[in-house]
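Quick note on labels: first sequence line is chain A, next is B, and so on, each numbered from 1.
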Protein chains: 2
Amino acid sequence: MVKRRDGETTELVQTKVAPIPLSPRSRRTPLGAAGPIAVAGQSVHAAVVQEIGLRIVRGDYPPGTILPNEAEWSDSFGVSRSVVREAVKTLTAKNLIASRQKIGSWVEPREYWNLLDRDVLTWYAAAPGNRTFLKTVQEFRAIIEPEAAALAAERRTEAEMETISAACREMGTASTLSNRAAADTRFHLAILKAAGNDLLLPLGAMIDSALLQLFTFITREANDIRHAQSLHEDIEKAIRLQRPEVARRAVKRLLANTDEFINRPSAD
Amino acid sequence: MVKRRDGETTELVQTKVAPIPLSPRSRRTPLGAAGPIAVAGQSVHAAVVQEIGLRIVRGDYPPGTILPNEAEWSDSFGVSRSVVREAVKTLTAKNLIASRQKIGSWVEPREYWNLLDRDVLTWYAAAPGNRTFLKTVQEFRAIIEPEAAALAAERRTEAEMETISAACREMGTASTLSNRAAADTRFHLAILKAAGNDLLLPLGAMIDSALLQLFTFITREANDIRHAQSLHEDIEKAIRLQRPEVARRAVKRLLANTDEFINRPSAD
DNA sequence: TATTACGTTTTATCTGATATATTGGTTGAC
DNA sequence: GTCAACCAATATATCAGATAAAACGTAATA
């Protein structure tokens, strides 16, 4: 149905972008000649998915554009058509593209994209002004997390509480930043889970991605970390005491604190 | 990493479930004998994805279970290995399964599943007590939609407002239930879009699914529909007048009204 | 005992062929 | 000249079979 072709844009698109770059494995090139240079330590499939996905999210192929056909991808990446097809299926499952016989594959409208998917979000984060991305994420978290915490305060089981508390504790005692980030992620995920609504769980991937992004550019003085820690402990306490409204407000305070970091005119 | 095998469970799983049923196309069976009975008007790929996905979400293969290998799927469905592999990629993209060489494919923990995906949600809705599902969806909507409406009231452009108003209008004048449901969906989607946060957009699929489910079991008297219509108009008005708080409350009223339907001890 | 080597199994990737559907043009009738 | 029916070209969809790579378990070895 949606197949507006954008005139010459398509032409531009179909320009052979680059002969090769991709993840190797055992390209049987006669003699190291043009050994596939790069790349990711991943599989060929994952590399192709990532490359096409990144280009789409980055805007190389605007929504509605007809993509190069399978044979062309196959040539330009130097992989078999099977790999291309499987990559296409993967991207289709994430709603980035769709395809039909005789037409080919095209880029779906942005509102179809499953931005909450871990991969898509990663590509998205890498694309435009990083600052905008973090603001978008924070705004979204501000919608979800206070309510999730409130629900968790009402419903958490003892086991779930223990998971939350343990994560909070480990945040305090973590020796490295990445350990702390991991515990932080676990903390928020545990709350989402304790909220007892299955539809909240998939949002964990987003928080995961977001925290990763955050920690790659915060790295502030210990002062702030201590403050952040106490904010986390407030949340833990409210959930432990089963005070939904208190939990809700505690999460809002934490998010407001994080917002401050993002809006500081330092980095970028 | 995650590969707990659950002892005998695996055995049970690997039982050849059924020789064939699947979508046909041109199975070259010598003589109509055992022509592939069913099925979906979809492609073979889609049918395989749906069958495996449904079984997983339904609980036939609990998380951690090692699934039958590609050759076995291929045999039992009577399709080529390529189709099976592409189906596996699709399900992997939705985080239902994962796979590794020599191990095979296994079912991921439920908290990994991308329940917000249209397909997964459909399978999920078909699986357990339908009633529980609708409650889960409504609870989730209650978290998202009031805030989305408030944001929309702040930020909507004139064009977005027109889309919202048009959908609301068409809800009122729709002649058939399915037309009304379509306009209803458009209405909620337009608000999500007008909220101006990209991360909210993927949630449209869920609302879509939810409304579909709702309308398949409501079909009440015109009285209620008129009430629902005025509730929708309240939302439209609040967004038009750019009153975030009013919009938020109006959405809450609408959702509360919907909740009533669901909790009525009539159907089911 | 610990460690290395190897064989087995399953996914990963490649190759090449056939089937099917849809578009766009062409032909022919009215 | 308009419109319907036909036909060819082209892209995905599906099939078939082969080889590569990785990981587990086991046996051989130091």
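- In this structure, B/S80 does not reach the D/dT14 phosphate: none of its side-chain N or O atoms is under 4.0 Å from OP1 or OP2.
- No side-chain donor-acceptor contact under 3.5 Å links A/W123 to the backbone of A/R58.
- Taking 4.0 Å as the cut-off between side-chain N and carboxylate O, A/K94 and A/E108 do not count as a salt-bridged pair.
- In this structure, of C/dT13, D/dA13, D/dT12, it is D/dA13 that holds the atom nearest to the side chain of B/S43.
- When atom types are taken as modelled, the side chain of B/E170 and the backbone of B/A167 share no donor-acceptor pair closer than 3.5 angstrom.
- Taking atom CZ on B/R100 and atom C1' on C/dT9, their separation rounds to 15 Å, with Å as the unit.
- At whole-Å resolution of the value, NZ in A/K102 and P in D/dT12 are 11 Å apart.
- Put simply, CD on B/E72 is 13 Å from P on C/dT9, counting in whole angstrom units.
- Residues B/R100 and B/W106 are in side-chain contact: their nearest non-hydrogen atoms beyond the backbone lie under 4.5 Å apart.
- When all heavy atoms of A/V79 and A/S74 are compared, the closest pair comes out as O-OG, 2.6 Å.
- At whole-Å resolution of the value, CD in B/Q101 and P in D/dA21 are 10 Å apart.
- A heavy atom closer than 4.0 Å to some atom of DNA chain D occurs in B/R81, B/S82, B/V83, these being the qualifying members of residues 81-90 of chain B.
- Judged by distance alone, with hydrogens and angles left aside, B/E70 brings no side-chain donor or acceptor close enough to the base of C/dT11 to form a pair under 3.5 Å.
- Between B/E86 and A/R85, at least one side-chain N (NZ, or NE/NH1/NH2) sits under 4.0 Å from a carboxylate O, which counts as a salt bridge.
- Atom P of nucleotide C/dT22 and atom CH2 of A/W106 are separated by 11 Å, given to the nearest angstrom.
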Check step by step if side-chain contact (heavy atoms from CB on, under 4.5 Å) holds for A/W73 and A/I52.
CA-CA 9 Å; A/W73 285 129; A/I52 301 180; 3.9 Å; yes
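- To the nearest angstrom, C1' of D/dA11 lies 15 Å from CH2 of A/W73.
- In this structure, B/I103 atom CD1 and D/dG25 atom C1' are separated by 11 Å, rounded to whole Å.
- Rounded to whole angstrom, the span from the CD1 atom of B/I66 across to the P atom of D/dA23 amounts to 14 Å.
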